[in-house]
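First comes the structure, then the notes that go with it.
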Amino acid sequence: MITTRKRRAAALLGMLAMALVGCSAPGVGPAEGDGPTGDDVVPALASFDHGVAALPSADELPAGFVMERRCPGGEYCGPISDHDEVMLLASMPVPPEVVEPEVWGGTYFTFRVAVYSDAEAAQEALAGERDRAAERTGDFDIAPGTLEDGFTAGETGTGESGDIEIAGWEGVQGLWTSVLTAPDGDPSAERHSALIAIVHDAALIACSAQRYAVDAGAVAEADCAEAVADYLERLAAIDPADAPRVTTVSRLAAALPAEGDLPAGHEVSVRCPGDPECEDERQDQDASLSVDLALPAGVTPQGDGPDRFRVQGGEWSENFWLRAYIQSDEAAAQAAAAERTGAADALVGELDTPATKTDYGYDYGVKGRGEIIDIAGEGWTGRLKLFEARFVHLDGRIGDPRFDIRGAASGGDVLLVIESSFTVEGRDQADAVGTVEAQIAGFFDRLAAAP
């Protein structure tokens with residue numbers, strides 16, 4: 001039996017698929033003096049900061065919709081992006097004329113702004129939106145998809161699509177009436193949907209809206225038409241120089257350690273965004289770096305290749321993992337950091353704990369000691385949990401002695417999560433902790449300086 005909760009998730013996944021279209025690295029709008037003049041001036045998006053400043057507030061959403069999340073910064077925003085993009089997602093309560101079990105899936109309104117490296121990249125993204133509109137032109141029947149723990153909703157209906165031009169921005173509009181379908185064939189209540197996607201220079205604006213067919217007083221077409229027109233009006237009214245600076249994926253990526261910021265002899269295993277591993281939907285951070293570090297001078301490695309990062313007879317490599325997340329605001333980042341480190345107080349002092357089985361495997365036992373270290377720098381604070389210990393497997397095996405340091409820091413609306421492991425051979429606690437602190441401080445310094 002497919003539950004209502006799964007059906008709602010399936011519908012939302014389908015809506016997000018409509019809204020989230022891959023694009024390339026961020027760029028800026030046209031240079032001063034380009035384009036038409038006088039009454040024909042196109043409201044251009046001068047920078048990503050400028051584009052974000054013109055977004056609708058919760059009070060400016062179409063009637064009946066309630067803000068549900070903003071991405072990046074919200075839950076379930078999808079895998080790591082390789083571009084600067086912001087999306088607002090709002091939902092609408094089920095109208096009284098439609099009752100369970102007929103209704104499932106919910107109705108949504110999304111508004112997305114993205115800035116691309118150049119106009120060609122923007123057109124490529126627009127082509128993806130055109131394909132989505134074309135798929136829903138005429139009579140259509142899109143089969144539901146399957147996921148490991150659920151499904152994406154199918155859709156059956158009829159629609160139309162065509163080119164559109166709004167204030168010098170050009171793109172596509174799609175309108176359709178449909179029902180969503182589940183793998184068991186159970187349809188949702190009928191709904192009207194609309195899509196508008198337009199580009200100018202290297203920027204794209206995309207809006208998607210749904211309304212139940214019984215909601216005759218308001219149409220999805222008007223929701224997006226008015227939202228886009230109002231956005232362009234605000235964009236024209238805001239001086240780009242007055243737009244507040246916002247945290248972006250590209251700024252987080254620029255804040256990650258470059259090759260020259262890492263200790264000699266290191267090897268980066270994964271850098272996100274950019275590497276293929278970043279496309280895994282389980283990678284929910286906005287930027288990250290995983291790196292193996294050279295052993296201290298004079299310490300004999302276990303071998304060549306990956307073994308050069310392990311001591312003789314050792315189980316774990318010298319490694320360091322940074323994950324950065326954009327949060328909704330500074331308070332949310334601080335709360336997320338506190339949540340990440342809240343359980344650390346339980347394991348301090350001298351420790352001799354057994355490994356314990358969990359639903360997902362097991363937690364290591366600890367033989368050694370634990371310590372809490374509070375850290376802070378210019379515009380950020382954090383907390384580290386240090387273990388100087390051997391870690392015990394469920395089968396009783398005991399690993400080599402390590403400095404294991406993990407924790408979290410926050411600065412502004414950014415959460416930074418740290419995991420690291422160092423051998424105790426040829427290194428003391430101050431060296432291990434200093435390596436971690438230096439990377440955290442360097443990250444926030446580079447973030448503040450990122451263009």
Side-chain angles (χ1 to χ4, degrees), residues 23-29 31-32 45-53 72-73 80-86 113-118 202-203 238-264 266 268 270-275 278 285-291 293 320-334 336-337 374-384 407-420 433-451:
C23 53
S24 59
V28 296
E32 184 178 353
L45 195 152
S47 67
F48 189 71
D49 294 336
H50 183 213
V52 172
I80 297 171
S81 301
D82 63 352
H83 57 275
D84 286 341
E85 175 180 309
V86 63
V113 176
V115 180
Y116 299 77
S117 58
D118 52 38
I238 295 172
D239 186 335
D242 295 333
R245 177 184 170 91
V246 297
T247 303
T248 66
V249 170
S250 63
R251 285 169 178 158
L252 288 185
L256 292 173
E259 295 294 327
D261 300 317
L262 295 164
H266 72 274
V268 172
V270 180
R271 183 183 291 273
C272 295
D275 289 349
C278 312
Q285 66 270 22
D286 294 301
S288 63
L289 181 76
S290 181
V291 58
L293 302 175
F320 191 86
W321 188 21
L322 286 177
R323 286 170 287 163
Y325 302 80
I326 301 172
Q327 303 293 290
S328 57
D329 53 33
E330 183 174 4
Q334 291 172 345
D374 291 319
I375 55 175
E378 183 67 35
W380 62 270
T381 60
R383 169 174 271 202
L384 301 176
S410 68
D413 61 354
V414 174
L415 166 69
L416 185 66
V417 177
I418 309 98
E419 295 184 26
S420 60
V433 173
T435 298
V436 173
E437 283 198 71
Q439 292 301 329
I440 296 171
F443 173 86
F444 283 108
D445 286 346
R446 290 186 293 270
L447 181 61

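Numbering starts at 1 and runs along the sequence shown.
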Side-chain heavy-atom pair [X], [Y] within 4.5 angstrom cut-off:
X      : Y      : result
Leu252 : Phe443 : yes
Leu416 : Trp380 : no
Leu289 : Val270 : no

Practice task
Tell me, please, which residues at least two apart from Ser410 pass side-chain hydrogen bond (donor to acceptor under 3.5 Å, both in side chains).
Solution key: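 Checked Ser410 against side-chain hydrogen bond (donor to acceptor under 3.5 Å, both in side chains); zero matches.
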Problem - Set of side-chain hydrogen bond (donor to acceptor under 3.5 Å, both in side chains) partners for Thr435, sequence neighbours left out - result: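 Partners of Thr435 under the side-chain hydrogen bond (donor to acceptor under 3.5 Å, both in side chains) test: none.
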Can you see which heavy atom on [X] is nearest to which on [Y], and at what distance?
X      : Y      : result
Leu256 : Ser288 : CD1-O, 3.4 Å
Ile440 : Ala409 : CG2-CB, 4.1 Å
Gln327 : Ala333 : CG-CA, 3.6 Å
Val414 : Leu447 : CG2-CD2, 3.8 Å
Val52  : Val86  : CG2-CG1, 4.0 Å
Thr248 : Phe48  : CG2-CD2, 3.4 Å

With rounding to the nearest 0.5 Å, note down the distance linking [atom1] in [X] to [atom2] in [Y].
X      : Y      : atom1 : atom2 : answer
Gln334 : Asp413 : CD    : CG    : 11.0 Å
Ile375 : Thr381 : CD1   : OG1   : 8.5 Å
Glu378 : Asp445 : CD    : CG    : 8.0 Å

Output yes when a side-chain donor or acceptor of [X] lies under 3.5 Å from a complementary backbone atom of [Y], and no otherwise.
X      : Y      : result
Asp49  : Val246 : yes
Asp275 : Cys272 : no
Asp84  : Ser250 : yes

Can you list everything that forms a side chain to side chain contact (heavy atoms under 4.5 Å, CB included) with [X]? Sequence neighbours excluded, please.
X      : result
Ala450 : Arg245, Arg251, Ala254
Glu259 : His266, Val268, Arg271
Gln439 : Pro257, Leu262, Pro263, Phe320, Arg446
Ala253 : Pro273

Exercise for the section: Return the set of residues passing salt bridge (Lys or Arg N to Asp or Glu O under 4.0 Å) with Asp374 (not counting sequence neighbours), or none when no residue passes. Expected result: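 Asp374 satisfies salt bridge (Lys or Arg N to Asp or Glu O under 4.0 Å) with Arg383 once adjacent residues are dropped.
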